[in-house]
Amino acid sequence: MFGFLYTRVYSLSLTMCVRSCFRSPRLQWVWRTAFLKHTQRRHQGSHRWTHLGGSTYRAVIFDMGGVLIPSPGRVAAEWEVQNRIPSGTILKALMEGGENGPWMRFMRAEITAEGFLREFGRLCSEMLKTTSVPVDSFFSLLTSERVAKQFPVMTEAITQIRAKGLQTAVLSNNFYLPNQKSFLPLDRKQFDVIVESCMEGICKPDPRIYKLCLERLGLQPSESIFLDDLGPNLKEAARLGIHTIKVNDPETAVKELEALLGFTLRVGVPNTRPVKKTMEIPKDSLQKYLKDLLGIQTTGPLELLQFDHGQSNPTYYIRLANRDLVLRKKPPGTLLPSAHAIEREFRIMKALANAGVPVPNVLDLCEDSSVIGTPFYVMEYCPGLIYKDPSLPGLEPSHRRAIYTAMNTVLCKIHSVDLQAVGLEDYGKQGDYIPRQVRTWVKQYRASETSTIPAMERLIEWLPLHLPRQQRTTVVHGDFRLDNLVFHPEEPEVLAVLDWELSTLGDPLADVAYSCLAHYLPSSFPVLRGQASSTYAEQTGKLTEFVSNLAWDFAVKEGFRVFKEMPFTNPLTRSYHTWARPQSQWCPTGSRSYSSVPEASPAHTSRGGLVISPESLSPPVRELYHRLKHFMEQRVYPAEPELQSHQASAARWSPSPLIEDLKEKAKAEGLWNLFLPLEADPEKKYGAGLTNMEYAHLCELMGTSLYAPEVCNCSAPDTGNMELLVRYGTEAQKARWLIPLLEGKARSCFAMTEPQVASSDATNIEASIREEDSFYVINGHKWWITGILDPRCQLCVFMGKTDPHALRHRQQSVLLVPMDTPGIKIIRPLTVYGLEDAPGGHGEVRFEHVRVPKENMVLGPGRGFEIAQGRLGPGRIHHCMRLIGFSERALALMKARVKSRVAFGKPLVEQGTVLADIAQSRVEIEQARLLVLRAAHLMDLAGNKAAALDIAMIKMVAPSMASRVIDRAIQAFGAAGLSSDYPLAQFFTWARALRFADGPDEVHRATVAKLELKHRI
Ligand SMILES: Cc1cc2nc3c(=O)[nH]c(=O)nc-3n(C[C@H](O)[C@H](O)[C@H](O)COP(=O)(O)OP(=O)(O)OC[C@H]3O[C@@H](n4cnc5c(N)ncnc54)[C@H](O)[C@@H]3O)c2cc1C
């Protein structure tokens, strides 16, 4: 109750600020960022932690075969019958050899599918003493779509588990198929973490694989439940302290899991559960009453469930004779006179239904306590969706907008009701609503006060002095929030507004302010979850001091100061920083807040805050990050020497077969096309759907190797060109160029720079694009065209002038030029500090009467400048992300080197200058990374244009920072640092080259200075 009261005081301070809030969308995230910082939990794995319904478990880990899908043993039994093979042969052969048998080696990817089938077939033949056993057909059956289907009961259970905020994982002994993809016939989106033995090279029951899974979940063993069908796997899990469930049959296992978790795993009537013993009501008399009320003669049994919400006024679901009903009653015992007034709820819903406000259809108010022990009322059950998490995870931005628009629309309807017409003039006192509320809450707070809270004292003084002058009187819902609304399952339409317990006549701004709370509090905040319930009251009460500070800050600092001084349109506002604030009880001392996002949802929700550590990414992206890291360690770094020697060999102008092989592997592991920003590809049609900020962490990791970006199809200039096609290409252009690029079958180049003009000023470009019948004819001289020498290069994105007499920025156009068009003459490969960068190279090239069909024009004549800006924004910041990766690798190499190298009697690391260099490098990397992340974050939040300053700043900072860090590493290495035995020399070369290739430093400086002068006077 105490916390509940406080919520009201807090909401009032929001009421004071509400006009400002509406005028400043930015303010919402300023505040959220500041607040979230406060609430960051120490435990990195605590995502989605508040919905747990009292259970201490935070994740459920599933084995795959035998738990989610049929076990190989069961499939084998079916196959043996079909093929007249003695029963048990396959199982015996699978177990043969134990740890070192073909099956376990196959699970650890030590042998291929072909190798396994060969050995396995031989084993079976030996056992049966026949010439051949058709094990291929067993394998086909095992992996067939017909058999490898997830049990629906498990799908339901997973949905319910995730809806309750727990994480889910698969921990499977699994194998690679002949196509090099792992056998995972599951919807990956169902899981936060997927750990497969073939990818890790470790099988259950090896304890390391369980630990790996827990580490990725960010949990302790005791916080998770593990389901497997095999005793030894469960035994090891239990030994580690994980709670286990043996799965003999999925249905029974789900029941056992339900009992452990304490909530239903069946999708029945949403948000209900069996009636608790203490909440039972007499069914017989209720059935009799309902029969009379509904005029039914015969009925089947009355089905009764209890809603999760609404312990204040207990609420039940009833099914009787095909009628779905809801009963809401007063709680038992002695009640305060004005509390739990269900009669008022009944009255207002009846009145509002007549005024066109969507409310459940109320049927009857029964004030006769002899029926079920207390008065109650009955209404029709309104099926639909209730969104529990105000951040609406998993929905597209446009859908989220529509949901909130519908919410606002219905609130307007409530506030527009004509009180007289619906007979509600006496539903509450008229006028003076907010002062009265403040007085009441202060009185109630004082009555339950246990110690002095300074911020609360300040608020109590401050609020009466800052009340809104003008007040309207309308119906006020009093608890207007998203999870009190029932939505249409397919349309963004509110079907019913629920829970009118706190409704009265008052100032409509109170509802507006209260509904805005969700924008400022993280969805994990307990106040938002059933705040009026006793379950949360104690927990919420503990938060009082914390919330007092929050409300005080909001009222006096953010609500007014930030808005007044920092209008949204000013790109130089500093409001997006992650604030370092004192630790609170909600953020235990000693923990380091890496992210302003305490709770990550299955969808990519990092949009709300600046995530500065990969460990704070949402679980699926974090899992992707770890998968990439593992791939880098297992596949990419070990391949570097061979890839480098290919680049120095006579065959260097042909692509390395090893790169092609690694590309296939990366594709199979889902580490492909990660670069395309969610904002350019909101439906994730083409890419992985990461935000720029999420990608920043992955791109940095790829940047630690010169080869990884290409391996993962994330390398320049293809990335920029693909984004250009996604953003501006026609469907025909996409089909012809984008698809092969996305598949990694083709490569491309971007031709803008010209030797005869200063190309850092793109308006200088002279190449001509002339119309001739249904063609454009190109003439021009270009150089530094990266990738043009690659035999796989099929597309040249060409920039030239269609109209030299048009306005300066309307002269250029972009044409898609097939590389096999006659007239393209490559003159020579240029070198960077002597490096050719084969097979793509950097070419000097002439375009002589190159005829290109008119439909190859992008967007239209004169739009080239606009396109180049769009293309180069995100693409260029990718270079900065990679430069952080270069620098991290250089520093790591340097640290290892100076620890092992001894000069003048002691390791180099003991030299003060070396220590100073290491420290300097660490500081510079961290500074630059923060700037990269901030630019990426702003691009996500406000778009590339609004982030122009941050993009320019990081382009100014990152290449020279990387050059300095790499140079220090080279120095520490001695002469070896200059050799090709280490990647340092190449890193240095590319970091230096990027001070031109990404536009000269001076141009970025000019941009920063221009914006600084424009907005900072
Ligand atoms: C490795 C590499 C790869 C490249 N890949 C491509 C590619 O794929 N496609 C492509 O079209 N181009 C590419 N380029 C070219 C690159 O984009 C240009 O080099 C760059 O835009 C600069 O143009 P410029 O060389 O003509 O220098 P110029 O424009 O001649 O400038 C020379 C110098 O003038 C100074 N300067 C310029 N403007 C200002 C200013 N406003 N204030 C103060 N000083 C200034 C700077 O010091 C600058 O370095 C690549 C370059 C490199 C090194």
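Indexing begins at 1, ligand by ligand and atom by atom, following the structure's order. Just so it is clear, the values below take in all heavy atoms, side chains as well, and ignore hydrogens, waters and symmetry mates.
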Between the side chain of Lys629 and the main-chain N/O of Leu698, is any donor-acceptor distance below 3.5 Å?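 No; zero donor-acceptor contacts below 3.5 Å.
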Please work out which of Ile788, Thr753, Thr1007 has its closest non-hydrogen atom nearest to atom 10 (C) of ligand 1.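 Selected option, by shortest heavy-atom distance: Thr753.
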Option nearest atom 53 (C) of ligand 1 (shortest heavy-atom distance, choices Gly843, Pro1000, Ala751, Ala993):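 Minimum heavy-atom distance to atom 53 (C) of ligand 1 goes to Ala993.
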Would you mind running through ligand 1 and noting each atom that sits below 4.0 Å from a heavy atom of [X]?
{"X": "Val757", "answer": "26 (O)"}
{"X": "Phe750", "answer": "7 (C), 8 (O), 9 (N), 10 (C), 11 (O)"}
{"X": "Val1003", "answer": "38 (N)"}
{"X": "Glu1002", "answer": "42 (N), 43 (C), 44 (N), 45 (C), 46 (C), 47 (O)"}

Under 4.5 Å between any side-chain heavy atoms of [X] and [Y], yes or no?
{"X": "Ile867", "Y": "Leu724", "answer": "yes"}
{"X": "Arg808", "Y": "Phe865", "answer": "no"}
{"X": "Arg828", "Y": "Trp783", "answer": "yes"}

I'd like to know if [X] and [Y] make a salt bridge, using a cut-off of under 4.0 Å between side-chain N and carboxylate O.
{"X": "Lys782", "Y": "Glu844", "answer": "no"}
{"X": "Arg792", "Y": "Glu660", "answer": "yes"}
{"X": "Arg727", "Y": "Glu723", "answer": "yes"}

[X] to ligand 1: N or O pair under 3.5 Å?
{"X": "Thr786", "value": "yes"}
{"X": "Met752", "value": "yes"}
{"X": "Trp990", "value": "no"}
{"X": "Asp761", "value": "no"}

Is it true that Trp653 and His646 have ring centroids separated by less than 6.0 Å? no
At under 4.0 Å between heavy atoms, which part of His842 makes contact with ligand 1: side chain, backbone, both or neither? side chain
